[in-house]
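Notes to accompany the following structure.
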Amino acid sequence: MNQPGTYKPVKDTSVVAMFKVKQDHASEFLFKDAFGEVFILAWTTTPWTLPSNCALTVGPKLDYVRVKSFNPYTHEPQTMVLAKSRLGAYFKTPTGSSDGGEYTAQALADYKKDGKNIPWKIDGEFYGHQLEGIRYEQLFPYAQPEGGDAFKVIGGDFVTTEDGTGVVHTAPSFGADDMRVARQHGIGTLTLVDLQGRFTTEMGEFAGKYVKNEYYINGQAPEKSVDVELSIKLKEMGRAFKVEKYEHNYPHCWRTDKPILYYPLDSWFVRVTAKKDRLIALNKTINWKPESTGTGRFGNWLENLQDWNLSRSRYWGIPLPIWRTEDRDEELCIGSLKQLKEEIARAVKAGVMKEDPYASFKVDDMSDTNYDTVDIHRPYVDNIVLVSQGGKPMKRETDLIDVWFDSGAMPYAQWHYPFENEATFKENFPANFIAEGVDQTRGWFYTLHAIATLTQDSVAYKAVVSNGLVLDKVGQKMSKRLGNAVDPFKTLDAYGADAVRWYMISNASPWDNLKFDAEGITEVQRKFFRALFNTYNFFALYANIDGFDGTGEASLTESDRWILSRLNSVMKLADANYADYEPTIAARAIQDFVVEDLSNWYVRLNRRRFWKSEQGADKNAAFQTLHRCLEMVSMLSAPIAPFFSDRLYRDLVGTSVHLSDWPKHDDVAIDIELEQRTVLAQKLTSLVLSIRKKEGHRVRQPLRKMMVPVTDATMRKRLDAIRELVLSEVNVKELVILDASESKLTKKIKPDFKKLGARMGKLMKSVANTVVGFSQAQIAELEANGSMKLAVEGQEVELLRDDVEITAENVPGLSVASDGALTVALDITLNETLIQEGIARELVSRIQTLRKERGFEITDRILLHIQRNGNARFEEAVERHSGYITAETLALTTDQQLLMDTLEGVSGGVQDLDLEEGLSCRIALSRVVR
RNA sequence: AGUCCUGUAGCUCAGUUGGUUAGAGCGCUACACUGAUAAUGUAGAGGUCCGCAGUUCAAAUCUGCGCAGGACUACCA
């Protein structure tokens, strides 16, 4: 029953059966002015249990009514008892009746006995406890119950009126509630079904039939199940009130898929309910991931705790170590082999056993060879007969222990504690964390917790991760039957363990269900692993060229300090989230750092320092910074990508990352202000690039200036700090900071709803509308005075400067873009100088591409000659920027030789280049032999 | 039947104490950029924040009732 999928929705024949009330002192009030015979209605989804009925259970505090009506099958007049709140389920309100009411006495008399619009009338209302003690006639008198006074109405607090009639047909043989309530009232039991699921011989025409058609061998099941046959019989007897198919969840065998029958069996229980409060209290100290499983599913389970039924009727497993006398007066639970041998010795002495079957076992010898000499499983233990204190023979209880007990006993059993290894056990208990599927809530998670609470008064684990399921990519459960199961080995072979794991961890938290889609793995490979690999390759390429060895004086730049600040922020975040069993948040932070911060920003902006600048403190700083970042990323990602990170770390450091100590972040290196102004720089860059795109100016074309209006000192300071960075990134010559008070700016005003809402309450909407409609003059007034009075809905309110956000929206005459409060204006007018510089850049770009195409090494020097093309602007651009061109392209050509009338006689392949619309040139390029 | 989880763009997911223009990546379209990068940038298209009702000046967010998918389960007549 602990297997998934045991409960399935099935349609069964359900019956509302009519139990005929016996007229006596207790039932007299039901017979007063009765209409035909008097019945109590009870509903069942298992009609096959009706012959075993022994009692009817009502809710003592529930309201019941007496209804006069007709039998829908025989049309005989009759009086019926059921719960008041269930009336609507069985009696239709007459058409035309507005008060939800009943038929009139006249309607009852006029009934045509055609089964249509059956009239009914309530006549009397009472509590359930008034029904208790009433006797009724047995429905199917095939056999009589034993050991009690059956066929009466009893009270039970488990009765509800959610469905059925509010009266529970009670067959103590088939249900725990029924058994319990029947015992309380001394009802006795009647079991007309055998352990194979067939009716017993007493059952007359039904004898030998299986109670569930599913139990028959394929093809041999009768057309009508006994449920249907019994229902027909009830109709014929005039004892059926309603027969219909009813869909409900019913438990099935996990192995054969067949419906399960409940039988009362004697069982041994662990009385966990005695420690319920401790179980609940200790659970509250466990770090559940997710928390809701601990408080919800598991917490609710503990609140409704039942005793642990330890018995299992199987052959293989751990035998119950309980011996008992035949009269059940004396019993003994054995706690160790040592004790067992002592008891066997007593038994041998008393003569109930001939010899000790475990004679070869040496007490206190914990070696495997010693334990290998004995077998304490069935059938050997079943042959052991012990002797009680009173001298009577005791035999072992034949049941086995629930295998979940083994799982829960794992922390002790693995060390053979308490027989040895006490120190080791205490060092390792309780566990720091465990992880298993969420379906183990009532399984492993519970048994560990129960046994630890009962035996150690402790939790068994400090944290528990309850993993969700891996579903297929459309969210269906994977199953071999549906053919949508992913082969883990093929997947690992195809994508590698690291990529698969990184995908699984970064995509969804372990406790969320994962929709597994292999395309997600390739995305992880493409984004994270390739970015990391490329960044390392970049580093290695230049580090090898320059012979970087990690030493040397280094002077950190702003962007070095920035990436190190980001690195330490990520280390802090990742560390905290790993510690809190939130690997998904950690993985995403690491991935974003590598892809966005390190690869797309730091390396892109700093690559010139690696391949262009002179050896020295600046270059050292760049190498050391990048090395540090890669080293830390490898350590941070080691728990999720153990292979890739180890290779990376070995290449960087020379040893295994898995032998390194977990890195600790450095708070001093974290500079939030620096990180924030870099975000500003990134936003500004985006805005300028967006204007360039809009205006059709390529990034290689330098522009004169950009302007940024600022409203506060912090912003001004930040802009000053990032000025050079932004200018070089967007290829603009000058950054002008505009004071917000400058009149030529137009401004936009927006209410700060959070602040304003708190003060304005219901006036909020009107105030907001007024504010949005402000003129430039009104905005200026508010800025100047810091506050202003508004008349809204006949009331005067005061608007404060802080209640609104004022941003510069536009700079007249310039091309503008904005993102939230940030606005940039770009001067896009060009002059000859800028145009020529743009041409030079364009030329360099083409030559670099050519170098690459020809397969030159990065460090190769070249000879470069450019043929005059008669375009004065182009030739002037080359002459003016000759130094820049030769330096960028690693050309050894002198400035005088760069621009030539003809390329004849010059070494190297000649190539025509298109620079831009209507401008092309011819160059000669050759590699200088080293 | 109950308990719990999930539901936001075509897909995978963020979304803070409720704050008014709901975001990212992938995918798609166009353009640009590039001597680390099959990378990247910019722009565009793409939303009933599962539905309904309520609370509130204000709801993806809080409450209730539902719907859909998933998991589990002592009783379940």
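Chain naming here is simple, since letters A, B, ... match the order of the sequence lines and numbering starts at 1 in each. Please read all numbers here as calculations on a predicted model, not as lab measurements.
Here B/rC28 sits opposite B/rG44 as a Watson-Crick or G-U wobble pair (both hydrogen-bonding atom distances under 3.5 Å). The partner of B/rG23 is B/rC13, judged by Watson-Crick or G-U wobble contacts that both fall below 3.5 Å. For B/rU55, there is no paired nucleotide, since no Watson-Crick or G-U wobble pair has both relevant distances below 3.5 Å. When Watson-Crick and G-U wobble pairs are counted only if both distances are under 3.5 Å, B/rU3 pairs with B/rA71.
Where A/Asn507 and A/Asn537 meet RNA chain B, the nucleotide closest to each residue was compared, and A/Asn507 sits on the side nearer the 5' end. Between A/Pro290 and A/Leu598, the one whose closest nucleotide on RNA chain B sits nearer the 5' end is A/Pro290.
Put simply, the side chain of A/Asn534 does not reach to within 4.5 Å of the side chain of A/Phe538, judged on heavy atoms.
A gap of 15 Å separates the C1' atoms of B/rA24 and B/rG46, to the nearest Å. For B/rC57 and B/rC65, the P atoms lie 24 Å apart once the distance is rounded to whole Å. Comparing B/rC28 with B/rG10, their P atoms are spaced 16 Å from each other, to the whole Å. For B/rU63 and B/rG18, the C1' atoms lie 13 Å apart once the distance is rounded to whole Å. Taking atom C1' in both B/rC13 and B/rU6, the straight-line distance is 13 Å, to the nearest Å. Nucleotides B/rG41 and B/rG27 have their P atoms positioned 12 Å apart, rounded to a whole Å. Between B/rG64 and B/rC4, the distance separating the two P atoms is 11 Å to the nearest Å. Taking atom P on both B/rA43 and B/rG25, the two are 11 Å apart, rounded to the nearest angstrom.
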For nucleotides 39-43 of chain B, give me every protein contact, N/O to N/O, under 3.5 Å, one pair per line with atom names.
from	atom 1	to	atom 2	distance (Å)
B/rU40	OP1	A/Lys527	NZ	3.2
B/rU42	OP1	A/Ser686	OG	2.6

Dump every N/O contact between nucleotides 19-24 of chain B and the protein below 3.5 Å, one line per pair.
from	atom 1	to	atom 2	distance (Å)
B/rU21	O4	A/Lys748	NZ	3.4

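The OH atom of A/Tyr503 sits 16 Å away from the P atom of B/rC26 (whole-angstrom rounding). Put simply, CZ on A/Phe538 is 14 Å from P on B/rA38, counting in whole angstrom units. Distance A/Tyr446 OH to B/rC4 P: 19 Å, rounded to the nearest Å. Atom CE in A/Met504 sits roughly 12 Å away from atom P in B/rC13 (whole-Å rounding). If you measure from atom CG of A/Asn467 to atom C1' of B/rC4, you get 16 Å, rounded to the nearest angstrom. One can place CD of A/Gln525 at 14 Å from C1' of B/rC26, the figure rounded to the nearest angstrom. Atom C1' of nucleotide B/rC5 and atom CZ of A/Phe298 are separated by 17 Å, given to the nearest angstrom. Per the geometry, CG belonging to A/Asp592 stands 16 Å off P belonging to B/rC13, to the nearest Å.
Between A/Trp502 and A/Phe528, the distance from one ring center to the other falls under 6.0 angstrom.
For A/Asp592, the side-chain hydrogen bond (donor to acceptor under 3.5 Å, both in side chains) criterion is met by no residue, not counting sequence neighbours. A/Leu725 pairs by the side-chain contact (heavy atoms from CB on, under 4.5 Å) definition with A/Trp601, A/Leu605, A/Ala681, not counting sequence neighbours. Annotation: side-chain contact (heavy atoms from CB on, under 4.5 Å) contacts of A/Glu436 (sequence neighbours excluded): A/Gln440, A/Trp444, A/Phe445. For A/Arg846, the side-chain hydrogen bond (donor to acceptor under 3.5 Å, both in side chains) partners two or more places apart in sequence, or in a different chain, are A/Glu842.
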Inset, instruction - Apply the test side chain to side chain contact (heavy atoms under 4.5 Å, CB included) to residues A/Val595 and A/Leu598: give CA-CA distance (whole Å), side-chain angles for both, the deciding distance (0.1 Å), then the verdict. - result: CA-CA 6 Å; A/Val595 175; A/Leu598 190 61; over 6 Å; no
Legend entry - Pair A/Phe269-A/Trp308, ring pair (Phe, Tyr, Trp, His ring centres under 6.0 Å): steps then yes or no: CA-CA 5 Å; A/Phe269 288 82; A/Trp308 183 356; over 10 Å; no
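In this structure, A/Tyr542 reaches the B/rA36 phosphate: one of its side-chain N or O atoms is under 4.0 Å from OP1 or OP2.
Considering A/Leu41, A/Val81, A/Val167, A/Asn53 as possible partners of A/Phe19, the one that fulfils the side-chain contact (heavy atoms from CB on, under 4.5 Å) test is A/Asn53.
At a threshold of 4.0 angstrom between heavy atoms, the contacts of A/Phe533 with the nucleic acid are absent.
Atom NZ of A/Lys276 has more than 12 heavy atoms from other residues, nucleotides or ligands within 6.0 Å.
There is no side-chain donor-acceptor pair under 3.5 Å between A/Ser52 and A/Thr49.
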